[in-house]
Amino acid sequence: MKKLWMKNVRLETGFEKENDVVMRTLTEIAHVKIEGGKITAIIHDESQIEAGTEVVDAKGKLLLPSFREMHIHIDKTYYSGPWKACRPITKGIFTRIEEEQELLPKQLPYAKDRAEKMIELLLQNGHTHIRTHCNIEPTSGLKHLEVTVNALENYKQHLTYDIVAFPQHGLLRSNSVELMRDAMKNGATLVGGVDPATVDRHIDRSLYTTFDIATEHNAGVDLHLHDPDTLGAFTFERVADFTKEANLKGRVTLSHAIALGDLEGQTLTDIMAILKDQEIDITTTIPINRPTIPVPILDQYGLQVSVGHDSLTDHWSPFGTGNTIEKLNILAERFRMIDEYSINRTWKYASGGITPLSDEGVQVWPKVGERADFVLVDASCTAEAVARRSHIDSVYKNGEKVELPETESVLINK
């Protein structure tokens, strides 16, 4: 059982306030003992470190919780391949669906290698958990699922993962119901769906089938919902109804949830109450090309919000870096989070809610007995890390440093 001491790590310990306003984050240097993948001691006297034990000197770098990538598609990407911009959209989502029917078979020979390159990028950027959506539809069958499982298994020493069986071409529209059931028997861990109104053209029948598959396999649900305004709001209500009926409270995610960016006032409050009642959480990419869902308001109301990258240079979007500190920086700037406290609080949107300090400024992480999943960052505090897009020096999973093979830049032609 491996044992090591990580000395000279910087830990956040509290907030310094002036007239009840947080002006600075307090930190101190400590030494952390890791054994059996867990934190087993935190001390401040270096002389207490046992002789003969492996010691890593963090040299004052900031210890922060590692990230959870909560929305990505590793199975269909141009990443690590040649540059290719997107085709113009002429029929909304259906442009991409038609494109996939031709494109995916051509990409399949490269899919596993590109998925692995994307996993390595996410690991380098501090992620120790990945939730990836995986195409399940007649064009791909279960081939993309096989690619996804094999790619993730090759990195299981560095991360945990979930695979969302995702009927990208429409659960009902593409007659993918039985394929989805097969996917849940062959490695998928969550049941996905996409716009039951726009794509399947039948909200209730689509959602009923989705939740039926989920209950059959005792799995959670993650739905891509892009429909705006009142159509999106009505879909949220029906999702909550089906969540309650299926007894899946706390196990349903709305990805994108675009309509939340269109609603306001009492209408928004009513929808938030419905979602909170069933503990439905939200994942967002923080889009800047349309009204962004009101992350601070959702958070203050008690809804769990997470960030994800969705795609990295694929046929849906030519953008994306895999850098979640950059994503948090965009979130903070988008919602004018310019003070120490507000910027500090953004880390929870990428870490599954884990932060070194509570909202009141009490140190709550790391604690003895917790899993040693963390990153070391070149920053004096969380707020600086996010605002200055600080460099992640190293990543640890279960107390083991994530070591990846040296490769050249992968944003070039192979």
Side-chain angles (χ1 to χ4, degrees), residues 68-76 93 97 100 129-149 152 160-227 232 235-258 275 278-284 304 306 308 310-311:
R68 298 171 61 86
E69 169 54 67
M70 295 304 288
H71 189 113
I72 195 73
H73 297 258
I74 70 169
D75 64 312
K76 50 180 185 181
I93 191 173
I97 290 174
E100 285 198 356
H129 179 85
I130 294 174
R131 176 184 289 195
T132 183
H133 298 260
C134 174
N135 261 44
I136 305 294
E137 24 69 22
T139 301
S140 306
L142 299 185
K143 294 175 183 176
H144 277 238
L145 180 60
E146 181 180 356
V147 164
T148 301
V149 171
L152 287 165
T160 54
Y161 64 83
D162 276 307
I163 300 174
V164 184
F166 182 47
Q168 175 73 82
H169 302 172
L171 179 64
L172 306 180
R173 182 180 182 274
S174 65
N175 194 26
S176 295
V177 176
E178 292 310 313
L179 276 173
M180 288 285 288
R181 288 196 165 98
D182 289 341
M184 298 307 297
K185 299 173 185 175
N186 287 278
T189 58
L190 296 167
V191 180
V194 58
D195 295 331
T198 298
V199 178
D200 277 341
R201 308 296 292 177
H202 201 302
I203 294 176
D204 278 13
R205 189 153 62 93
S206 180
L207 290 176
Y208 176 86
T209 308
T210 298
F211 279 83
D212 185 53
I213 296 170
T215 54
E216 179 182 334
H217 296 278
N218 189 26
V221 173
D222 191 328
L223 299 165
H224 286 55
L225 298 180
H226 309 90
D227 288 330
T235 304
F236 298 158
E237 291 184 44
R238 296 304 290 143
V239 170
D241 291 339
F242 279 101
T243 301
K244 185 175 183 178
E245 185 175 320
N247 196 29
L248 286 177
K249 183 176 183 177
R251 301 180 66 187
V252 175
T253 298
L254 303 184
S255 287
H256 305 299
I258 292 295
L275 298 180
Q278 290 302 308
E279 298 176 10
I280 294 172
D281 60 87
I282 313 294
T283 299
T284 178
Q304 182 174 330
S306 300
D310 195 10
S311 61

inquiry  = Using a 3.5 Å distance criterion without hydrogens, assess whether the side chain of D200 forms a donor-acceptor pair with backbone atoms of L171.
reply    = yes
Discussion item. Any donor-acceptor pair under 3.5 Å linking the side-chain atoms of D195 with those of H226?
Written reply: yes
Given 3.5 Å as the limit, does a donor-acceptor pair link the side chain of H202 with the main chain of R205, or not? yes
| With distance as the sole criterion, is a donor-acceptor pair present between the side chains of D75 and T148 under 3.5 Å? | no
*Should V194 and L223 count as side-chain neighbours, where that means a heavy-atom distance under 4.5 Å?*
no
For I130 and M70, run side chain to side chain contact (heavy atoms under 4.5 Å, CB included): C-alpha distance rounded to whole Å, both residues' side-chain angles, the deciding distance at 0.1 Å, then the answer.
CA-CA 6 Å; I130 294 174; M70 295 304 288; over 6 Å; no
The reported gap from CD1 in I74 to NE2 in H133 (rounded to nearest 0.5 angstrom) is 11.5 Å
Margin query: Could you check whether any side-chain heavy atom of V221 comes within less than 4.5 Å of a side-chain heavy atom of T253, counting everything from C-beta outward?
Written below: no
Here the pair of heavy atoms bringing A219 nearest to M184 is CB-CE, 3.6 Å
Does any non-hydrogen side-chain atom of P196 lie less than 4.5 Å from one of T235? yes
Between A165 and A188, the two heavy atoms sitting closest are CB-CB, 3.8 Å
| task | State, without any angle test, whether N186 and R181 hold a side-chain donor-acceptor pair at a distance under 3.5 Å. | result | no
Under 3.5 Å, is there a donor-acceptor pair linking the side chains of D227 and T198? yes
Distance col, row S174:OG vs Q168:CD, nearest 0.5 angstrom, shows 9.5 Å
Practice item. Go through R251 and E279 one step at a time and tell me if the salt bridge (Lys or Arg N to Asp or Glu O under 4.0 Å) criterion holds. Key: CA-CA 8 Å; R251 301 180 66 187; E279 298 176 10; over 6 Å; no
Value for CD1 (I258) from NE2 (H224), rounded to nearest 0.5 Å, stands at 11.0 Å
Under 3.5 Å: donor-acceptor pair, side chain of H169, backbone of E137:
no
* Examine distances only and state if a side-chain atom of D212 and a backbone atom of Y208 form a donor-acceptor pair shorter than 3.5 Å. => no
- Query: Yes or no on side-chain hydrogen bond (donor to acceptor under 3.5 Å, both in side chains) for N135 and S140, after CA distance, side-chain angles and deciding distance?
  - Reply: CA-CA 7 Å; N135 261 44; S140 306; 4.5 Å; no
- Task: Return yes if a side-chain donor-acceptor contact under 3.5 Å exists between T283 and H71, otherwise no.
- Result: no
With no hydrogens and no angle check, is any side-chain donor or acceptor of T210 less than 3.5 Å from a backbone partner on S206? yes
Between G170 and V199, the two heavy atoms sitting closest are CA-CG1, 3.5 Å
Practice item. Would you please say whether a donor-acceptor pair under 3.5 Å links the side chains of T160 and R68? Key: no
Query raised in the report: Do L179 and P138 come close enough that some side-chain heavy atom pair is under 4.5 Å?
Result: yes
query = Between I163 and L152, is any pair of side-chain heavy atoms under 4.5 Å apart?
reply = yes
**Asked** Is there a side-chain contact between H217 and T189 (heavy atoms, below 4.5 Å)?
**Response** no
A side-chain contact here means heavy atoms from C-beta on lying under 4.5 Å apart; do L172 and T209 qualify? yes
